Amino acid sequence: MSSELSKSIEKLERDVALEMVKTRIDAGEDAVLILDECRAGMTTVGELFQAGDYFLAELLLSAEIFKEAVLILEPHLTKTQGGAPLGTIVLATMHGDIHDLGKNIVATLLRVHNFEVHDLGVNVDPEVLVEKVREVSPDIVGFSSLVTSSFESTRRAAELLVEAGLREKLKIVVGGGVTTPQFGEYVGADFQTLDASSGVAYCLEACTATVGGA
Ligand code: B12
């Protein structure tokens, strides 16, 4: 996907990008689709960084632009339901990884869909995650992973859930730009995705099935 909006983010044209986001949301376009285009721009920024054309400063700047775009879009992600929460989710970016933009979007979308979300933040130790799972008995644990340096701690957290006898009571979902189906298998996840919408769709299905089948 390479739209004008993705390109303006890729080129770090803050004002152009934010103006486009405002104009398109005012014209009634779907906030989630606009977010997806912003994310595509971020992916290209990552590729430019990897190629040595961009440096950490550019990564940081892209993150700031993205955050501002999210601020504009957030009020337009309307609440779909009321009443009792559909399910409980513990979300975390594990030890070795400080990326949180994608995780924060997933958290917002899940709340919009009436899930109770416990977001543990970034650089989370596996033991801390397991403690939270013990405390709140979630239906789903969601791991966000953007750097390979967090792969091991993510897998360790999943292992600890098995060892604690908590694994069979919940589903594990992994997402984030560098994840693959192979990484999903490595962690023993039930679902792996590169986008928030399909992640939310999976969570909705998993919790509806639990409610219906219980
Ligand atoms: C912005 C950015 C940063 C920012 C992060 C700011 C922040 N607050 O998050 C800063 C500048 C801090 C940063 C730092 C670093 N970064 Co960086 N960064 C990026 C960049 C360009 C964009 C990431 C992003 O936010 N994308 C936008 C969001 C919305 O997309 P997303 O995270 O994929 O999330 C979506 C989906 O994946 C999904 N999702 C995400 N999580 C979850 C969870 C669940 C449960 C579900 C269902 C769905 C889901 O939903 C989201 C919305 O659709 C990526 C490039 C890329 N390809 O991703 C590199 C990238 C991730 N960074 C990289 C690197 C190397 C680093 C550094 C190590 C650089 C350095 N030398 O210091 C450090 C990391 C330090 C650390 N230990 O974590 C590499 C990682 C390579 C690798 N294979 O490990 C990448 C891939 C760039 C590259 N191509 O080289 N980075």
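Both counts, for ligands and for their atoms, begin at 1 and track the order of listing. Predicted model only: the values in this text are computed from it and were never measured.
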Exercise for review: Using a strict cut-off of 4.0 Å, indicate which atoms of ligand 1 neighbour a heavy atom of Q50.
Suggested key: 89 (N), 90 (O)
Exercise for review: Could you go through the salt bridge (Lys or Arg N to Asp or Glu O under 4.0 Å) check for R156 and E159 one step at a time?
Suggested key: CA-CA 5 Å; R156 182 67 191 137; E159 260 173 17; 2.8 Å; yes
Point to revise | K171 with D139: basic N within carboxylate O range, under 4.0 Å | key: no
Check your understanding: Can you list the steps and then say if L91 with H118 is a side-chain contact (heavy atoms from CB on, under 4.5 Å)?
Key -> CA-CA 6 Å; L91 267 185; H118 298 266; over 6 Å; no
Exercise for review: Check each atom of ligand 1 against the heavy atoms of G199 and keep those under 4.0 Å away; list them by number with element.
Suggested key: 47 (C)
Check your understanding: Hey, does F49 come in under 3.5 Å of ligand 1, counting only N/O atoms on both sides?
Key -> no
Practice item. State the atoms of ligand 1, each with its element, that fall below the 4.0 Å cut-off from a heavy-atom position in F66. Key: 29 (C)
Review point. So, E74 and K67, do they make that salt bridge, N to O below 4.0 Å?
Key: no
Practice item. For atom 6 (C) of ligand 1, grab the closest protein heavy atom and report residue, atom and distance to one decimal in Å. Key: A63 CB, 3.8 Å
Exercise for review: Give the atoms of ligand 1, by number and element, whose distance to some non-hydrogen atom of G142 is under 4.0 Å.
Suggested key: 45 (C)
Exercise for review: Report yes or no: does F191 have a heavy atom closer than 4.0 Å to ligand 1?
Suggested key: no
Exercise for review: From atom 38 (C) of ligand 1, work out which of G102, A92, A196, S197 has a heavy atom at the shortest distance.
Suggested key: A196
Review point. When you measure from atom 72 (O) of ligand 1 to every protein heavy atom, which one gives the shortest distance, and what is it?
Key: L56 CD1, 3.9 Å
Check your understanding: Can you find an N/O atom of M42 closer than 3.5 Å to an N/O atom of ligand 1?
Key -> no
Point to revise | Hydrophobic cluster identity match, L77 and L110, side-chain contacts under 4.5 Å | key: yes
Review point. What part of T193 sits under 4.0 Å from ligand 1 if we count only heavy atoms: the side chain, the backbone, both or neither?
Key: side chain
Revision key, fill the gap. The protein heavy atom nearest to atom 75 (C) of ligand 1 is I98 CG1, 3.8 Å
Check your understanding: To which protein heavy atom is atom 11 (C) of ligand 1 closest, and what is the distance rounded to 0.1 Å?
Key -> L59 CB, 3.5 Å
Check your understanding: Can an N or O of R39 be found at a distance shorter than 3.5 Å from an N or O of ligand 1?
Key -> yes
Review point. Any side-chain heavy atom of L18 sitting closer than 4.5 Å to one from R14?
Key: yes
Exercise for review: Report whether L35 and L71 are members of the same hydrophobic cluster (ILVMFWY, side-chain heavy atoms less than 4.5 Å apart, transitive linking).
Suggested key: no
Review point. If you count the atoms of ligand 1 from 1 in the order shown, which ones are under 4.0 Å from a heavy atom of G177?
Key: 33 (O), 37 (O)
Check your understanding: Salt bridge or not for R167 and D190, using N-O below 4.0 Å?
Key -> yes
Check your understanding: Which atoms of ligand 1 have any heavy atom of L101 under 4.0 Å away?
Key -> 7 (C), 8 (N), 9 (O), 25 (O)
Exercise for review: Before signing off on this row, confirm whether T148 and ligand 1 have an N or O atom pair separated by under 3.5 Å.
Suggested key: yes
Check your understanding: Which protein heavy atom lies closest to atom 79 (C) of ligand 1, and at what distance to 0.1 Å?
Key -> V147 CG1, 4.4 Å
**Study point:** Region of Y202 that comes within reach of ligand 1 [heavy atoms, distance under 4.0 Å]
**Key:** neither
Review point. Taking 4.0 angstrom as the limit, do R39 and D36 come out as a salt bridge?
Key: yes
Review point. Within the structure, does at least one protein heavy atom fall under 4.0 Å of atom 21 (C) of ligand 1?
Key: yes
Review point. Hey, is atom 67 (C) of ligand 1 touched by any protein heavy atom at less than 4.0 Å?
Key: no
Point to revise | V106: numbered ligand 1 atoms lying under 4.0 Å from its heavy atoms | key: 39 (N), 42 (C), 46 (C), 48 (C), 49 (C), 50 (O)
**Study point:** Per-atom contacts of ligand 1 with G96, taking only distances under 4.0 Å to non-hydrogen atoms
**Key:** 76 (C), 77 (N), 78 (O)
Exercise for review: Just need the protein heavy atom nearest to atom 32 (O) of ligand 1, so name the residue and atom and give the distance.
Suggested key: L146 CD2, 3.3 Å
Revision key, fill the gap. Atom 55 (C) of ligand 1: closest protein heavy atom, distance to 0.1 Å, is G46 CA, 3.5 Å
Check your understanding: With hydrophobic residues grouped by side-chain heavy-atom distances under 4.5 Å, do V106 and Y202 end up in a single group?
Key -> yes
Review point. Do you know which N/O/S atom name in H99 is closest to atom 17 (Co) of ligand 1?
Key: NE2
Check your understanding: With a 6.0 Å cut-off on ring centres, are F49 and F55 close enough?
Key -> no
**Study point:** Part of D100 with heavy atoms under 4.0 Å of ligand 1, whether side chain, backbone, both or neither
**Key:** both
